[in-house]
Asks: 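Please find one structure pasted underneath; my questions will follow.
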Amino acid sequence: MLEQRYRWKNKHLREHVSVLNGKLSPTLLLKNARYLNQAFKKWMTANIWIFGDRIVYVGDKLPDKTDGCEIVDCEGLTLVPGYIEPHAHPFQLYNPHSFASYAAQFGTTTLINDNMVLALQLEKKKAFSFLKEMRNIPSTMYWWCRFDAQTEIQNEETTFSHGNIKSWLEHDAVLQGGELTGWPKLLDGDDMMLHWMQETKRMRKQIEGHFPGASEKTLAKLMLLGADCDHEAINGQEIYNRLMQGYTVSLRYSSIRPDLPLLLDEMHELGIDHYDQFIFTTDGSSSSFSEQGIIDHMIRIAIEKGVPIIDAYNMGTINVAKYYNVQYLHGNIATGRIANINLLEDEKNPTPVSVIAKGKWVKKDGVNLNNYDELAWENFGFEPLDIQWDLTSHDMQFSMPFGIKMENSVITKPYSIAIDVSNDELGREHDECFFMLIDRKGKWRVNTVLKGFADDLDGLASSYSNTGDIILIGKSKEDMQNAFRRMKELGGGIVVSEKGKVVNEIPLKLKGIMSNKKVEDLIKDEKSLLHYLKDKGYKFADPIYTLLFFSSTHLPYIRVTQRGMYDVMNKTVLFPTMMR
């Protein structure tokens with residue numbers, strides 16, 4: 001639990017009232033502000049008083065006392081609440097701190113974050129210390145509580161024990177359970193997961209679904225069991241079905257599925273023109289996809305697609321706050337709310353010129369004020385990888401009768417291996433590569449062949465994966481080993497070796513999973529890797545997600561997991577891992 005259960009202590013609340021009594025000055029006064037008033041659903045003009053991190057008054061009056069108060073005349077500007085990302089995966093090479101800092105420049109000042117990496121990679125005490133530290137940054141950071149690992153892992157009953165889940169659910173910074181990637185187990189009778197869902201509802205917290213392709217009846221069953229929202233609709237009819245069953249629908253625009261324009265078109269064709277049950281998410285997009293913006297870009301697309309302007313802003317602000325029952329803190333510019341405010345040049349351009357987060361400027365007149373202090377990552381268990389073992393020639397044996405074939409960035413199917421895999425190199429006339437998943441502690445491995453990733457890739461090593469285990473891909477066993485050695489030197493990362501030389505790398509010094517660089521710098525590294533892989537035959541949308549999801553059993557059909565080659569549809573291990 002957080003040490004400070006209440007956001008403001010009694011003495012702070014008394015100070016807020018003292019500002020209205022004229023005994024204290026506001027710290028910031030926004031005069032003549034044309035702003036979005038959610039109560040009236042209108043653009044109105046008022047003076048906005050801010051004291052510390054809170055809005056203490058919105059109305060026609062001016063404060064009696066202004067000593068030391070920063071006064072800004074907002075004539076010519078339009079003010080809207082800070083945007084909320086309700087479904088963030090803040091570990092996509094970037095880290096929660098760097099992504100929050102980056103997102104704030106686009107006006108997204110509140111994020112509700114996946115806890116998967118924290119649950120899998122850190123002791124609970126370290127994870128909760130990290131959550132506490134995240135309270136100190138200008139952005140507001142909330143979290144989920146996962147109920148499963150989204151893959152087959154060893155010792156899952158320990159990582160996702162009842163005690164651990166209960167502690168996460170009770171944490172003040174956790175707003176929801178899920179996302180429910182393990183919903184097939186739930187429908188098959190997993191009563192422990194159902195118990196956790198019951199506990200989540202008892203605490204008045206929400207449950208996020210993950211229901212791709214679910215039928216109308218399945219959606220109804222999952223609603224009965226406790227689900228509240230889902231972000232997996234891929235067309236207008238699926239949106240309609242979710243609305244009919246009482247869901248809040250999270251419209252997605254991500255690096256894997258950039259289909260918001262299509263979703264809005266198909267919604268409108270079906271006559272859906274009421275937007276109170278909709279929210280937006282970028283669903284953990286890769287850093288280069290986020291160059292165009294975060295929630296601000298989704299609001300822009302909605303406006304361009306004919307959504308009324310105020311409704312478009314509401315989908316990125318007050319709708320989210322109401323859904324999570326935090327509208328008393330977030331989602332609108334009104335007395336008592338946290339002072340997260342975006343200043344726009346034009347209501348049709350949601351990307352702000354200035355941003356206030358918790359009452360402080362993080363962007364002013366287009367300039368990033370760099371108000372996110374560096375973290376001592378090692379204090380929270382995010383040290384570089386320390387791999388104390390080496391690959392051997394015995395590890396580089398590939399004799400499995402079938403491999404995995406990529407259908408798109410994230411879907412893999414089984415296929416029969418017809419090529420000779422006994423040599424040290426594979427031919428360049430086909431798109432098959434050696435593939436290995438190996439335990440980061442060196443205890444086990446799974447060797448197979450991957451079809452569809454590349455046709456001219458010598459060797460790639462990645463410590464970035466769903467579980468933090470190590471992936472090796474390539475045509476050349478020697479280059480795969482060379483890439484692995486360089487990855488060890490870096491303390492984790494994604495490394496490409498070609499003809500015995502390292503030609504591309506992204507250091508991931510935080511547990512081998514995240515970069516400690518700013519997102520702006522990481523974008524350059526990520527683009528360089530993407531261009532290189534495309535030149536080597538990668539033909540899909542997002543190689544970062546490909547690496548992440550090789551082990552993810554919430555996707556069909558064959559996955560390579562800590563337990564071995566796993567048949568998702570039949571829930572069976574086809575070939576177990578080999579101990580080293």
Side-chain angles (χ1 to χ4, degrees), residues 390-438 445-465 469-487 493-506 528-551 557-561 564-566 574-575 577-578 580:
D390 296 309
L391 288 173
T392 67
S393 58
H394 181 71
D395 291 319
M396 308 303 290
Q397 296 181 21
F398 297 80
S399 57
M400 195 170 287
F402 73 88
I404 54 176
K405 177 184 178 183
M406 292 180 61
E407 296 292 317
N408 58 32
S409 293
V410 299
I411 302 298
T412 51
K413 289 185 175 181
Y415 88 104
S416 297
I417 299 172
I419 60 172
D420 182 1
V421 295
S422 62
N423 296 322
D424 289 340
E425 291 200 18
L426 296 178
R428 310 292 163 137
E429 69 278 2
H430 56 71
D431 62 353
E432 289 158 275
C433 293
F434 297 119
F435 179 96
M436 183 191 303
L437 179 72
I438 189 163
R445 60 181 170 84
V446 183
N447 292 38
T448 186
V449 172
L450 173 64
K451 181 175 177 59
F453 187 84
D455 53 28
D456 192 27
L457 176 68
D458 286 356
L460 178 147
S462 173
S463 58
Y464 176 75
S465 66
D469 297 310
I470 294 162
I471 295 169
L472 300 176
I473 304 172
K475 297 279 189 178
S476 165
K477 294 178 181 178
E478 182 179 340
D479 277 298
M480 292 164 69
Q481 290 176 287
N482 191 48
F484 173 79
R485 286 190 290 270
R486 176 57 179 163
M487 186 205 69
I494 303 173
V495 177
V496 179
S497 175
E498 184 177 325
K499 296 180 175 56
K501 294 183 178 180
V502 173
V503 294
N504 201 293
E505 64 184 30
I506 302 178
S528 174
L529 177 64
L530 176 58
H531 292 152
Y532 182 88
L533 291 178
K534 284 189 175 295
D535 286 344
K536 296 300 178 180
Y538 183 87
K539 56 182 179 293
F540 302 113
D542 194 333
I544 304 304
Y545 260 99
T546 297
L547 294 172
L548 178 67
F549 280 163
F550 275 128
S551 298
Y557 293 85
I558 297 293
R559 299 284 135 182
V560 187
T561 75
M565 295 279 283
Y566 187 77
L574 301 175
F575 290 93
T577 53
M578 298 182 65
R580 300 179 70 240

Asks: Please give me the minimum heavy-atom distance between Phe434 and Asp424, naming the atom from each residue.
Replies: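 In this case the closest contact between Phe434 and Asp424 is CE1-O, 3.9 Å.
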Asks: Among all residues two or more places apart in sequence or in another chain, which pass the salt bridge (charged side-chain N to carboxylate O under 4.0 Å, His left out) test with Asp395?
Replies: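 In terms of salt bridge (charged side-chain N to carboxylate O under 4.0 Å, His left out), with neighbours along the sequence ignored, Asp395 is linked to Arg445, Arg580.
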Asks: Please state whether the rings of Phe453 and Tyr538 are parallel, tilted or perpendicular, taking 30° and 60° as the class boundaries.
Replies: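 Correct class here is perpendicular.
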Asks: Counting C-beta onward and ignoring hydrogens, is there a side-chain heavy-atom pair between Phe550 and Leu437 closer than 4.5 Å?
Replies: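 Not in contact.
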Asks: Ignoring hydrogens and geometry, is there a side-chain-to-backbone donor-acceptor pair from Lys451 to Asp431 under 3.5 Å?
Replies: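 No, Lys451 side chain to Asp431 backbone: no donor-acceptor pair under 3.5 Å.
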Asks: So do Met480 and Leu391 actually touch side chain to side chain, heavy atoms under 4.5 Å?
Replies: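 With C-beta onward as the side chain, the pair stays apart.
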Asks: Measuring only between side-chain heavy atoms, which start at C-beta, is Val503 closer than 4.5 Å to Lys499?
Replies: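 Sidechains of Lys499 and Val503: no contact.
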Asks: Counting only heavy atoms from other residues, nucleotides and ligands, does the tally under 6.0 Å from OH of Tyr557 exceed 12?
Replies: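 No, the 6.0 Å shell around OH holds no more than 12 heavy atoms from other groups.
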Asks: Do the side chain of Lys534 and the main chain of Phe540 share a donor and acceptor less than 3.5 angstrom apart?
Replies: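 Checked: pair present.
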Asks: Grab the two heavy atoms, one from Ser497 and one from Asn482, that are nearest each other, plus how far apart they are.
Replies: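 Heavy atoms only, the tightest pair is OG-ND2, 2.9 Å.
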Asks: Is the closest side-chain heavy-atom distance between Glu478 and Glu425 below 4.5 Å?
Replies: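 No; the side chains remain at least 4.5 Å from each other.
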Asks: Would you say the side chain of Leu450 lies within less than 4.5 Å of the side chain of Thr448, judging by non-hydrogen atoms?
Replies: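 No. Closest side-chain heavy atoms not under 4.5 Å.
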Asks: Does any non-hydrogen side-chain atom of Pro543 lie less than 4.5 Å from one of Leu529?
Replies: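 Side-chain contact under 4.5 Å: no.
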Asks: Is the backbone of Glu432 close enough, under 3.5 Å, to the side chain of Lys475 for a donor and an acceptor to pair up by distance?
Replies: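 Looks like yes, one N/O pair under 3.5 Å.
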Asks: If you round to the nearest 0.5 Å, how far is NE2 of His531 from CG of Asn504?
Replies: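 Rounded to the nearest 0.5 Å, the CG-NE2 separation comes out at 11.0 Å.
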Asks: Tell me, do Met565 and Ile404 make a side-chain contact under 4.5 Å, heavy atoms counted?
Replies: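 The answer is yes, as the side chains (C-beta and beyond) meet within the 4.5 Å cut-off.
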Asks: First locate atom CD1 of Ile473, then atom NZ of Lys536, and finally report the distance between them rounded to the nearest 0.5 Å.
Replies: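 Going from the CD1 atom of Ile473 to the NZ atom of Lys536 covers 15.0 Å.
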Asks: Measuring from Lys477:NZ to Gln481:CD, what's the distance to the nearest 0.5 Å?
Replies: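 The CD atom of Gln481 is 9.0 Å from NZ of Lys477, to the nearest 0.5 Å.
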Asks: Asp458: which residues meet the salt bridge (charged side-chain N to carboxylate O under 4.0 Å, His left out) condition with it, sequence neighbours left out?
Replies: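 Only Arg428 meet the salt bridge (charged side-chain N to carboxylate O under 4.0 Å, His left out) criterion with Asp458.
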Asks: Please name the pair of heavy atoms, one in Gly493 and one in Ser463, separated by the smallest distance, quoted to 0.1 Å.
Replies: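 Closest heavy-atom pair between Gly493 and Ser463: N-OG, 2.8 Å.
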Asks: Within the side chain of Thr412, is there an N or O that forms a donor-acceptor pair under 3.5 Å with the backbone of Met406?
Replies: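 Not confirmed, Thr412 side chain does not pair with Met406 backbone.
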Asks: If you measure from CD1 on Ile411 to CD1 on Ile558, what distance do you get to the nearest 0.5 Å?
Replies: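 Those atoms lie 12.0 Å apart.
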Asks: For Leu426 and His430, work out which heavy atoms get closest and say how close.
Replies: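 Result for this residue pair: CB-CE1, 4.1 Å.
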Asks: Considering all heavy atoms of both residues, which atom of Asn447 and which atom of Met400 are nearest to each other, and what is their separation?
Replies: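 Result for this residue pair: O-CE, 3.3 Å.
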Asks: Rounded to the nearest 0.5 Å, what's the gap from CG on Asp456 to CG on Leu533? Could you check?
Replies: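 Spacing of CG (Asp456) from CG (Leu533) equals 11.5 Å.
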Asks: Minimum heavy-atom separation for Ile471 to Ser465, with atom names?
Replies: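 Nearest pair, atom of Ile471 first, then Ser465: CD1-CB, 3.8 Å.
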Asks: To the nearest 0.5 angstrom, please state how far the SG atom of Cys433 sits from the CG atom of Leu472.
Replies: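 That separation rounds to 12.0 Å.
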Asks: Can you tell me how the ring of Phe575 sits relative to the ring of Phe402, calling it parallel under 30°, perpendicular over 60° and tilted otherwise?
Replies: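 Phe575 and Phe402: tilted rings.
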Asks: With a 4.5 Å cut-off on side-chain heavy atoms, are Tyr532 and Glu498 touching?
Replies: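 The answer is yes, as the side chains (C-beta and beyond) meet within the 4.5 Å cut-off.
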Asks: Determine yes or no for a side-chain-to-main-chain donor-acceptor pair under 3.5 angstrom, with Asp479 supplying the side chain and Gly500 the backbone.
Replies: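 Yes, because the side chain of Asp479 sits within donor-acceptor range (under 3.5 Å) of the backbone of Gly500.
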Asks: Check for a donor-acceptor pair, side chain of Thr577 on one end and backbone N or O of Val446 on the other, with a separation under 3.5 Å.
Replies: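 It does not hold such a pair.
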Asks: For Asp420, what residues pass the side-chain contact (heavy atoms from CB on, under 4.5 Å) criterion, not counting sequence neighbours?
Replies: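 If we apply the side-chain contact (heavy atoms from CB on, under 4.5 Å) test to Asp420, skipping adjacent residues, the hits are Ser422, Asn423.
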Asks: Taking everything shown except Gln397 itself, do over 12 heavy atoms lie less than 6.0 Å from its CD?
Replies: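 Yes, enclosed.
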Asks: Given 3.5 Å as the limit, does a donor-acceptor pair link the side chain of Ser409 with the main chain of Asp542, or not?
Replies: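 Checked: pair present.
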Asks: So, does Lys405 use its side chain to make a donor-acceptor pair with the main chain of Tyr415 at under 3.5 Å?
Replies: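 Between the backbone of Tyr415 and the side chain of Lys405 there is no qualifying donor-acceptor contact (under 3.5 Å).
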